[in-house]
Amino acid sequence: MKYKDTLNLGKTAFPMRGSLPKTEPERQQKWYDADLYNQRLAQNEKKPHFNLHDGPPYANGNIHLGHALNKISKDIIVRYKNMSGYYAPYVPGWDTHGLPIEQQLTKAGHDRKSMPKSEWRDLAKQFALEQVNKQRNDFKRLGIMADWDNPYITLQPEFEAAQVRVFGEMAGKGYIFKGSKPVYWSWSSESALAEAEIEYHDIDSTSLYYANKVKDGKGILDSDTYFVVWTTTPFTVTASRGITLGPDMDYAVIQPEGETRKFVVATGRLDVIASKFGWENYKTLATYKGQDLDRITAFHPWDESAEEMVMNADHVTLDSGTGLVHTAPGFGEDDFNVGQKYGLEVAVTVDEKGFMTASAGTDFEGEFYDDVVDLVIEKLSNKNLFLAKEKITHSYPFDWRTKKPIIWRAVPQWFASVDKFRQSILNDLDNVTFYPEWGKKRLYNMIRDRGDWVISRQRVWGVPLPIFYAEDQTPILDQTIINHVADLFEKYGSNYWFEHEAKDLLPADYTNEHSPNGLFKKEEDIMDVWFDSGSSWAGVMNTRKQLDYPADLYLEGSDQYRGWFNSSLITSVAVTGHAPYKNVLSQGFTLDGKGNKMSKSLGNTISPLDVANQMGIEILRLWTISVDTSQDMPVSNEILKQVSESYRKLRNTLRFLMANTSDFNYQTDAVTYAERAAHDQYFSVLLNNFIKDVRSAYDNYQFNDVFKRVINFVNVDLSAFYLDIAKDVVYVEAPTGHARRSMQTVFYETLLALTKLLLPVLPHTAEEVWEYLPNETTDFAYLSDMPEVQDLGDTTQLLETWEKFMIMRNSVNKALEEARASELIGKNAEAALTLYLTDEQQTLVSELNANIRMLLMVSQLHLESTTSDNSIKDYDGFKIVVSRAAGGVSPRDRMFHEDLGADPAFPELSKHEAEIIREFYPEAVSEGLE
RNA sequence: GGGCCUGUAGCUCAGUUGGUUAGAGCACUGUGUUGAUAACGCAGGGGUCACAGGUUCGAGUCCUGUCAGGCCCA
């Protein structure tokens, strides 16, 4: 018989390497085959609910790292909650309407104008659903446990119906109104364009400098004073209604030599302007801040029915022009915004084809907008207001399809009046908890400063605005009618709107005093897609019976303060008076290894599927908790490599625990806490605190705290200490003896706790471990519950004592290392230690009440009283002498013993070992050992 | 230009209400083992806390500015 056969070396088939790219998909298939998602929920049916509401990704394109981070984070939370006493469903969603999908159709060669709208919408729907399927498969590869068979999709009839009802509620409360607002307008395609449909080219334009005569100087400016303004779009002078100044910028009133008129120009532009206009000498009569001149008025250059208001806004710069900006609210976004603040008219003097309308004046009517420069100059010159013209080259927006220039032009739009319930929104934010805390401030500022919400889009692929027009063009916004439309959508889908006439969309007997002939028209615009996803609290949380409103948690990237967090909040407060979420968790963005934005053009992106296929999705999942997700997170191959090292450490540690508990049955062999050896009790306490800390980190969504605690526990407490000293027990001691069983009990509890605590992050690995735990009865680890914190009484004293021991151990290690360096010993087993202890240190030793020789992993230990002998080296307060161990080496435990051969049958073994052999391997007495 | 956020060892993170020589894990170097072995132990080196001012007896920690980076606006 061999010595080795009398040892209890660990045994397990659990592979050291995970082969994750290969095994993960197989394991996921098992989950889906077993319908694990619903199994877990069924088990939790009577528990309190925890609702994480999924923000819908846009159904277009491949999933990227941001998607992965988002879904993995949600999966971690949902899995944790389901294993911690909650019923936590996870209904994934997709955002499917909107322009990008229309653009994909165009790219694919479809022409929107060559087919009926309903047909175009069918194509869009088909495309969107294909994208959903593709993304769904990719999300499943990430190991996400969700209701993949029943997602919510914003194009689903029940979702659209709920959304329209939200709109109806808001209309019923008077929050919806019609106005107009500038948009990118392509006269060449007679259509509004989105930012994405525009490309920029350099063009030459004629810019004009002209003067506006003061009308009401408010006692500050004389009536012979003129504001000098500059414009690069002369046609907009016809719709000019204001002059915008920088509130903190300086303006001078000057009088050039030989001039009777006075001019207002920004001080910072005076030199440039004077030379441009040939003002050789001028005197400065006064200077003002922009804000001093607020609300002074001037005459429109020629239109007597209009006037120009002096306003202040921050967008004014001194880069060009005069520091005074001619402002036409119908033809520019800045102009519109500042105009709204001052209540200016939104004049639009160009029609949809780019021709001037009657409102521009009879001289202009019918002229093409780009051909009126000379006419404008003539009109200005007639009034002696023209100052100069100048050719400029600048970047200008073009229609990407027709390659013609575009203009800003106000068109009728539907608005949601945020102003009417802004204060309720702001107040209700106090009832929401934000992770991180600054999220509240960020959302608060945005809501506080935002304007009304433009909810209409001049597009086709979206939910129609359920509004009708009477014969005299009066819009009909009636909640009852809107709900009637919602009912139709619920039955037939929103394409019904495009397939039917207005009369078929209205209740059968509907009449309206504005339509004496019973004729009606329907609105052609659709809703902003943010209204779609912003209604999901109604379309999903309120609609599905296993979910509740408000949600416990919304979790998205920090860009969603402007997006989904924002739009959901607005619609929810508008309808119910409350936020749709109790908690909001926002995450940063993934950056490359240098901290820069990831982008395809820079070629620094990392695909989550590539990581899954090359390293395993477990690595990316582990990465997710290794970083502080509340901030931006760098990712690189180097970083992922480091994470995979951590994964290997975790995996190996689990493997070691499994190998050394493979002959252990917790039900029959476990040793109670009170009966455990001192070091096992100590480690039990460490484990218990570890469970408490990790659970608390999960509860607070502090993922990287989970990571840090796990890694430290595994490396420091387990690997470097407990598992290291353990080998001399679990390998060497009697297989069923108390010392070994005591330790195996703790091993098993540790293994089980680690496996469960890691499951939300590493579900594949946890399930793999589970297959090696025959005593655990559930089919899947995911059907088990999180380890509970035990009441072990007051452990403060115990921990303090052992912390002191760890300091002592540290000193001993240093002493041993020196002995090794001087070649006195090789391994620790060759050493005998002599410790010269102070009174305090002796107390520590007696309090430990443990086998200290074993804990220090040396063959022999001698404890002496402290000495004044200065030749004995002090290691951080401990006087230690290392010498060679006495006696001989046992080939079995490889330690030095002075009692080898005490049992004549076993001349090479110590007495203690011989006893073990006689009891557990009696055949060795006759066979002998070698 | 505005709102919000970030910048501590090669990497990922801790650093409490400002208080002694700034910590951890990984990586690295050396070394021991070869009964966790494409593993494990031990020891060690490594930081002008982005930069510059300021407040204070004292600042990684508070204030101001600069630089770099991110999200959202303009």
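These figures come from a predicted structure and were not determined experimentally. By convention in this document, chain letters (A, B, ...) are assigned in the order of the sequence lines, proteins followed by strands, and residues within each chain are numbered from 1.
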Please name the nucleotide paired to [N] by Watson-Crick or G-U wobble geometry with both distances under 3.5 Å, or report none.
N: B/G1; value: B/C73
N: B/C26; value: B/G10
N: B/C62; value: B/G54
N: B/U48; value: none
N: B/G41; value: B/U31

Any side-chain donor-acceptor pair under 3.5 Å between [X] and [Y]?
X: A/Tyr875; Y: A/Glu818; value: yes
X: A/Glu556; Y: A/Ser586; value: no
X: A/Ser719; Y: A/Lys649; value: yes
X: A/Tyr647; Y: A/Arg651; value: yes
X: A/Ser890; Y: A/Glu913; value: yes
X: A/Ser662; Y: A/Thr12; value: no

| Can we call the ring centroids of A/Phe906 and A/Tyr921 under 6.0 Å apart? | no
| task | May I ask you to check whether A/Trp408 and A/Tyr184 place their ring centers less than 6.0 Å from one another? | result | yes
Classify the nucleic acid contact of [X] as base, sugar-phosphate or nothing, counting any heavy atom under 4.0 Å across all strands shown.
X: A/Arg17; value: base
X: A/Ser626; value: sugar-phosphate
X: A/Pro436; value: nothing
X: A/Arg709; value: nothing
X: A/Asp592; value: nothing
X: A/Ser719; value: base
X: A/Pro15; value: nothing
X: A/Ile711; value: sugar-phosphate
X: A/Ala720; value: sugar-phosphate
X: A/Val716; value: sugar-phosphate
X: A/Gln642; value: base
X: A/Asn652; value: base
X: A/Gly595; value: sugar-phosphate
X: A/Phe589; value: sugar-phosphate

Starting the side chain at C-beta, find the nucleotide from [options] nearest to [X].
X: A/Glu817; options: B/U12, B/G41, B/G35; answer: B/G41
X: A/Arg894; options: B/C72, B/G35, B/G25; answer: B/G35
X: A/Arg442; options: B/C72, B/G25, B/A39; answer: B/C72
X: A/Arg562; options: B/C42, B/C73, B/C13; answer: B/C73
X: A/Lys727; options: B/A36, B/G41, B/G35; answer: B/A36
X: A/Met16; options: B/G10, B/G35, B/A38; answer: B/A38
X: A/Asp724; options: B/U12, B/G41, B/C26; answer: B/G41
X: A/Leu591; options: B/C26, B/G69, B/A43; answer: B/G69

Sticking with atom [atom1], work out how far [N] lies from [M], rounded to a whole angstrom.
N: B/U17; M: B/U29; atom1: C1'; value: 41 Å
N: B/U21; M: B/C26; atom1: P; value: 27 Å
N: B/A39; M: B/G44; atom1: C1'; value: 22 Å

| query | Side chain of A/Thr12, base of B/A36: donor and acceptor closer than 3.5 Å? | reply | no
| request: Return yes if some donor-acceptor pair links the side-chain N/O of A/Arg853 with the main-chain N/O of A/Gln860 below 3.5 Å, else return no. | output: no
Rounding to an integer number of Å, can you tell me how far [X] [atom1] sits from [N] [atom2]?
X: A/Asn604; N: B/G69; atom1: CG; atom2: P; value: 14 Å
X: A/Tyr647; N: B/A38; atom1: OH; atom2: P; value: 16 Å
X: A/Asn813; N: B/U31; atom1: CG; atom2: C1'; value: 13 Å
X: A/Asp705; N: B/G25; atom1: CG; atom2: P; value: 16 Å

Does [N] have its OP1 or OP2 closer than 4.0 Å to a side-chain nitrogen or oxygen of [X]?
X: A/Tyr561; N: B/G3; result: no
X: A/Asn445; N: B/G2; result: no
X: A/Arg809; N: B/A43; result: no
X: A/Asn715; N: B/A24; result: no
X: A/Lys594; N: B/G69; result: no
X: A/Lys441; N: B/C5; result: yes
X: A/Lys649; N: B/G41; result: yes

| query | If you measure from the Lys or Arg side-chain nitrogens to the Asp or Glu carboxylate oxygens, is any gap between A/Asp592 and A/Lys597 under 4.0 Å? | reply | no
| Is A/Glu817 salt-bridged to A/Arg820, going by a charged N under 4.0 Å from an acidic O? | yes
| Which of residues 820-829 of chain A have a heavy atom under 4.0 Å from RNA chain B? | A/Arg820, A/Gly826, A/Lys827
